[in-house]
Amino acid sequence: MKKELTRQQYLDLYYYMRLNRAVEDTMVKLFRQNKIVGGLYSSLGQEAISVGTAYALEKKDWLAPMIRNIGALLVKGVPPRDVFMQHMAKYDSPTKGKDGTSHFGDLENLHIVSPISMLGDLIPVMTGVAMAGRYLGQKIVTMTWIGDGGSSTGVFHEGLNFAATQKAPFVLILENNLWAYSTPVKRQVPLENLADRAKAYGISSYVVDGNDVVAVYSTAREAVERARAGEGPILIEAKTFRRLGHAQHDPAEYVPKEMRAYWEGRDPIAVYETFLMGEKLLDAKSKKEMEEKIDTLLSAEREFAENSPMPPPEFAATGVYCTGDDCHKIQAKWERPIAEVTPPKSNVKAVWTVAGFGSGKSSGGTNAPIHFGDTKNTIEIPASGGKASGKNGAKPTVKKSAKTAVASGITKKVKR
Ligand SMILES: Cc1ncc(C[n+]2csc(CCOP(=O)(O)OP(=O)(O)O)c2C)c(N)n1
Ligand SMILES: [Mg+2]
């Protein structure tokens, strides 16, 4: 751990790690009282990753958590009561009791995209959010997390390649906790450092000790700054250990005892506390004060959650299908005038090039209206929505079929 943060930042990191753990401890109690609906996952021993990475983001930035990132939600400003109520499927929860675990977000205020259960799918989604932010001139960075197991999905690779190609301002945190369900990482990836996966996409990466919150924060901060400056996506592998089973149902007896003992001796909160005490940033009195603050907060939040009603039965039949107006309208949220972000004023040269366009034959032998492929003929449609022009601005050779295609609506897309 290096000393380079302000006192407040050091203490914030400590507070959020303690809060993260206390929120999850409370949920274990609720689970044992049968008040949690569905599965309950734990980030015990991984708090430094969720907290340290999310703390590196600015308020305007976007994140999308996975099951072990409650700490990131708390840092972003989600009140513990929402986490409790969501897991208890209460009517006042963000999803009004429609989901029993962590599938909720906040697109309006906190900039949180709801988790997607299909591992890896958040990578292209958050790449898209990053691209949208850039398009709107917002200078945002987006972040999501993925496990060692999730890093072997197809969409991890497709998504990261897409992000790299688009130079999206996106930071991906790979939490290598050595297990995916009961599969040890060594049996599913022939790599020592999963960060090496970044090489395949020509992007930068870091390996960091995931149990050292200051190292995690400093690394994430640097990555976020680089992404914001336009360097493209960055992958951070945080090495850690999943201290409990996959979820509450799993006693994880397959984990070797020595491995567990080693990591239990490196608890991120205990390690950090020793550091803070050594640096005189924390003493017994301020530690107790913080514990009391968290206790008071969580008792009130838990009480609120427990008193919240379950949804009325008839509510289950509503909102099953999106009906448009009474559900939600999907509307572009233009924060800059449309004219400013669309051609010809935008700095993106909107020239659509379709190689081989309009030159093929249909199976019936006639010219196919659209055919991509076997010819070098290229038509470019200028952003101004003017007439089709040739590749070098010369008078274009427009084949009949191409003309037909242009006339049949392609130009409409670029005419503003
Ligand atoms: C595409 C996909 N495949 C399988 C699953 C089922 N599944 C959920 S969590 C999990 C293990 C994930 O392991 P890892 O990515 O290492 O994350 P960890 O649980 O260790 O945090 C699996 C296989 C899924 N949700 N999505
Ligand atoms: Mg894992």
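Each ligand, and each atom within it, is numbered from 1 in the order the structure gives. Basis for what follows: all heavy atoms, side chains included, without hydrogens, waters or symmetry-related copies. All residue numbers in this chain count up from 1 along the given sequence.
Note: H111 and W62 have parallel aromatic rings, judged against thresholds of 30 and 60 degrees for the angle between ring planes.
Counting only N and O atoms by type, the side chains of E24 and S43 include a donor and acceptor under 3.5 Å apart. For the residue pair E231 / S204, no side-chain donor-acceptor distance below 3.5 Å is found, with atom types taken as modelled. Y206 and E237 are not linked by any side-chain donor-acceptor pair at a separation below 3.5 angstrom, with hydrogens and angles left out of the test. With no hydrogens or angles considered, no side-chain donor-acceptor pair links S50 and R68 at under 3.5 Å. For the residue pair T240 / W263, no side-chain donor-acceptor distance below 3.5 Å is found, with atom types taken as modelled.
Listed by chain and residue number, the protein N/O/S atoms under 2.8 Å of the Mg ion (ligand 2) are D148 OD1, N177 OD1, W179 O, with waters left out.
Remark: Q33 engages L30, K35, R302 in a side chain to side chain contact (heavy atoms under 4.5 Å, CB included) (not counting sequence neighbours).
With hydrogens and angles disregarded, a donor-acceptor distance shorter than 3.5 Å links the side chain of Y254 to the backbone of Y181.
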Just distance, no hydrogens or angles: give the donor-acceptor pairs under 3.5 Å from side chains in residues 74-82, sequence neighbours left out.
| residue | atom | partner | partner atom | Å |
| --- | --- | --- | --- | --- |
| K76 | NZ | K59 | O | 3.0 |
| K76 | NZ | D61 | O | 2.8 |
| K76 | NZ | L110 | O | 3.1 |
| R81 | NE | E301 | OE1 | 3.4 |
| R81 | NE | E301 | OE2 | 3.1 |
| R81 | NH2 | E301 | OE2 | 3.0 |

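Within 4.0 Å of ligand 1, protein heavy atoms come from R68, S117, M118, L119, G147, D148, G149, G150, N177, W179, A180, Y181, H246.
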